[in-house]
Enquirer: 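My questions all concern the structure below.
All heavy atoms count here, side chains included; hydrogens, waters and symmetry mates do not. Order of the sequence lines sets the chain letters (A, B, ...), proteins ahead of strands, with each chain counted from 1. Predicted model, so just to flag it, every value in this text is computed and none were measured.
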Protein chains: 2
Amino acid sequence: MSGLSAMRQRALHYAARSSAYAKVTDQHLEALRTMLQQPSRDGRKGRLLTDQADTEPFNHDWMKQVEGATPAVLLPTCAEQIADVLRYCQTERLAVVPQGGNTGLVFGSEPVHDELVLSTQLMNAAPVVSRDRMTVEAEAGVVLQQCQEACEKEGLLYPLTMGSRGSAQMGGTVSTNAGGIHFARYGSMHANVLGLEVVTPTGDILNLMSTLRKDNAGYDLKHLFIGSEGTLGVVTRVAVKLSPYPRSKQLCMLWMPDFASVLELYQLAQTHLAEGLSAFEVMDGESLLPSPVAVQPFQRSDNNEAYRTGRNYHAAYFCVMVETNGSNEDHDFEKLGAFIEQMQEKMGDRIPAGFEPVLSQSQTQYQQLWQLREDTPVFLAADGLIYKYDVSFPLDKFYIVVEYVREILYRQLGLNPEEVYVVGYGHFGDGNVHLNVVDRTRSHREALDKALYPTVYKFCAAHGGSISAEHGVGMQKRDYLSFSRSTATIDLMRQLKTTMDPNHILNPYKVLPLVSQQHSLTGNA
Amino acid sequence: MSGLSAMRQRALHYAARSSAYAKVTDQHLEALRTMLQQPSRDGRKGRLLTDQADTEPFNHDWMKQVEGATPAVLLPTCAEQIADVLRYCQTERLAVVPQGGNTGLVFGSEPVHDELVLSTQLMNAAPVVSRDRMTVEAEAGVVLQQCQEACEKEGLLYPLTMGSRGSAQMGGTVSTNAGGIHFARYGSMHANVLGLEVVTPTGDILNLMSTLRKDNAGYDLKHLFIGSEGTLGVVTRVAVKLSPYPRSKQLCMLWMPDFASVLELYQLAQTHLAEGLSAFEVMDGESLLPSPVAVQPFQRSDNNEAYRTGRNYHAAYFCVMVETNGSNEDHDFEKLGAFIEQMQEKMGDRIPAGFEPVLSQSQTQYQQLWQLREDTPVFLAADGLIYKYDVSFPLDKFYIVVEYVREILYRQLGLNPEEVYVVGYGHFGDGNVHLNVVDRTRSHREALDKALYPTVYKFCAAHGGSISAEHGVGMQKRDYLSFSRSTATIDLMRQLKTTMDPNHILNPYKVLPLVSQQHSLTGNA
């Protein structure tokens, strides 16, 4: 593999090219170009990109960790073009990777070898919001933020939001069942999607579009395509239910000395904020270390000695963001006031002076506080070579995996916490912890690979957790799926895949563990 | 078919017995009995009923409209017994109908011919409620109300409630994706079920149990079994997420003179009650006619002349129930007060004197008001031969199907509204209208059959509605499925069915339109 980039080499680790797929020829490209030239109903023509300069951005993930070698990127403008393409590719045994905003974190939307990329980015007509029905309908390529803004303009709230909203596309967020910070309040894509248009791997257009809130007419097939990461079909249009846009949005930042206090605080929030609670985010102190703005009750230097000697390596302190969405500002303030008062009464003596709760007093402050949360993964990624795990646990076990990894790194491997640190942050209300390991020296990859894969996923499975909370499986977690799913379950997934995609042309090498080859990946970063 | 009961004859209308299924022999029964005798992990043995007196209640729907001729009822106590049974039945080509509380309305849980009945009623160990995780885990045969009460005891709210809660079982409510009055607030079973244990038609036990809020590890297979009405598997255990039990439950009854006012009222409710709104139920005046307690602003006699002459046959007046669930009674009262004040200001002049809003002042009054809503279908059914349609529309079209049917009956058929009346009530917040036609003389069945099937369903399809909002498809709507679902969609449903149940042994003749025979049913009552 000499001469190949590191990204390319890393991709090749995941799977050898399957000989079941044909190689793309000029004749294929010509046929595909012709299909894309068929104008959509509103007259838009699709495009085919083959110049390497044009295809390059579609060829790798945004973290630049893996890179494929696609011969062409298809940019269709409608479901009919995609149906033609997939019918043809199924017959010709050409592998295809659907791609939305390509903001995923599990290597699910890039080519591994010479798969064709099918990008939805040109399918981005203005979303249609209905105030009466409280719904939005949008094409797959509409950017999440654009959709959120269209809804807000009509006084309605789109249920999903997350850091990548400026790039993530509607089709991709549905295909991956994206989660985000409001999941605890508004639920998953399964709870919010009312209708879909999907092109199946054999080129049928399934019109499952609907703005009906209730519709129990036969199997609810849309759920097959939500979260199956483009392996069972290409989502081309979505209809999602909306809520009234909250007239009152409050945000409170609190510092807790230990995890038991965070759990106690969550119970208080459930009691006092109840229906108003819209997010309960937690960041441990270590996760805020690289942030230039975060004020922290402890500095890392306080703890280094403890880490090194292993006496206190899991000491932690937590920043908690509690958000409420409501319709009456007075009521929401009153509820938050009662919540904070109770917290002070029951836990006040544990809070260090200077770290009392902060309640956002303006829209600007609200945004500033949220920025701290949203910037966390960004600053962490900039601080070194980063290992990201997105896992979930029952609430009471949210933090154990972080402590477990610290134990491995400091006690077993004897690493220096100044060089490699371990953080946990995430959506506490969903039991969704983002475990990150940051190698500031970028020199411990081999040791970390060996120590963490598949140890972390095994640990999740052993403690009732899931190897993927919200990021999906993609290629990155494919070979660990059996830690979270039984053989019978994976067999059924595969049976469904084969039924719907006889030649497995759609998004190959992803989600389902490979059958033909025992995969020997030991890690990635 | 002479000598057969009317119920039996009606069942036979739906499908001829398929010769693909074997006839149950004594040898089969002996083998099945042995399987059920294998004790479950907690030592419970299953049972096999073959005496006609014992099997009779399992043989027909609760409305006593259709009746099968089952040779035996299986009462397993665990998934392992069911797995043995289904593996055997798949090999022996014996047809099996899963049955829960048998409270369905679409003939989905009774045998049609000589299918074996597999009842979950002995699988009813006490539900396990976790306060910390805010979840409940229950076996399939636990009665809904029993589960609700177990949750309430821990200060938690089970998201589903409906009139049949005293009989409906957990497995059945999940298999049919039951809706009910709190759907608008808490969402469908797809939104609330966290985990399932399911036995597949080939006898595999799928352990999809989980109390994790977020779990994106591969295809989310549980959704296949939610709402597929026992045709793809037998649900044996469920885990469901819960909310804090509301400390404040308020109910307001309002009268609206016309449908446009109801729509306007709903917008006001969204604005002023927002996150607190937990139900928005509507009953037209006609639907309250048989109620001995309902006070009504108009009496039927006022309108008879209008109906007969066809001048005013769609005149309607509406009783609206608005419920809020919240955590702070003062706040909820204040919000409801603002809502009612706005209503008075904008619509007060349309409300007849004596029909001002009633806000429940006590738990007793709260229950009395809800009783009015819950008794509505009961009193209607007692008032004559009843035709029930459960359909959904976009909110703004909620009532058009009622007006349309009145037009057919009174203007086209010239029926007398004293003899046959048409009512609409239901879950407005979900666009879910229960259209009922009551033949008080029980003498118009033939004319009504001819006039209404499949006319009503065609009308739904033509106006963006669904032929089934929450009741499912069962046998009753099977042949109308194509009004709500495209050929490609139904084909995929069938493909999935064949993949998972090669001999179609599980719940035959239900949900999917028959292939081998063109079904000529013209109606049922």
Enquirer: Please classify the contact of B:D220 with chain A as side chain, backbone, both or neither, using a heavy-atom distance under 4.5 Å.
Expert: side chain
Enquirer: So what's closer than 4.5 Å to chain B heavy atoms on A:L263: side chain, backbone, both or neither?
Expert: neither
Enquirer: Determine the option with the most heavy-atom pairs under 4.5 angstrom with chain B, choosing from A:K241, A:H272, A:M134, A:H471.
Expert: A:M134
Enquirer: Looking only at heavy atoms, what is the nearest atom pair of A:F393 and B:L212, with distance?
Expert: C-CD2, 3.3 Å
Enquirer: Would you tell me whether B:Y219 and A:T489 have side-chain atoms, one donor and one acceptor, within less than 3.5 Å of each other?
Expert: no
Enquirer: Who are the salt bridge (charged side-chain N to carboxylate O under 4.0 Å, His left out) partners of B:K497, not counting sequence neighbours?
Expert: B:D501
Enquirer: With a 4.5 angstrom heavy-atom cut-off, is it the side chain or the backbone of A:V473 that approaches chain B, or both, or neither?
Expert: both
Enquirer: Measuring from atom OG1 of B:T487 to atom CG of A:L206, what distance do you get when rounded to the nearest 0.5 angstrom?
Expert: 11.0 Å
Enquirer: Looking at A:D396 and B:R133, would you say the former's side chain and the latter's main chain have a donor-acceptor pair under 3.5 Å?
Expert: no
Enquirer: I'd like to know if the side chain of B:R485 reaches the main chain of A:G218, judged simply by a donor and an acceptor atom lying under 3.5 Å from each other, with no hydrogens or angles considered.
Expert: no
Enquirer: Any idea which heavy atoms bring B:K214 and A:G180 closest together, and the distance?
Expert: NZ-O, 3.6 Å
Enquirer: Quick one: what part of B:T271 sits under 4.5 Å from any heavy atom of chain A, side chain, backbone, both or neither?
Expert: both
Enquirer: Restricting to side-chain hydrogen bond (donor to acceptor under 3.5 Å, both in side chains), what partner residues turn up for B:E334, sequence neighbours left out?
Expert: A:H331
Enquirer: Could you walk me through whether B:R213 and A:D430 pass salt bridge (charged side-chain N to carboxylate O under 4.0 Å, His left out), step by step?
Expert: CA-CA 5 Å; B:R213 303 254 151 177; A:D430 314 318; over 6 Å; no
Enquirer: Checking A:N216 side chain against B:N177 main chain: does a donor-acceptor pair fall under 3.5 Å?
Expert: yes
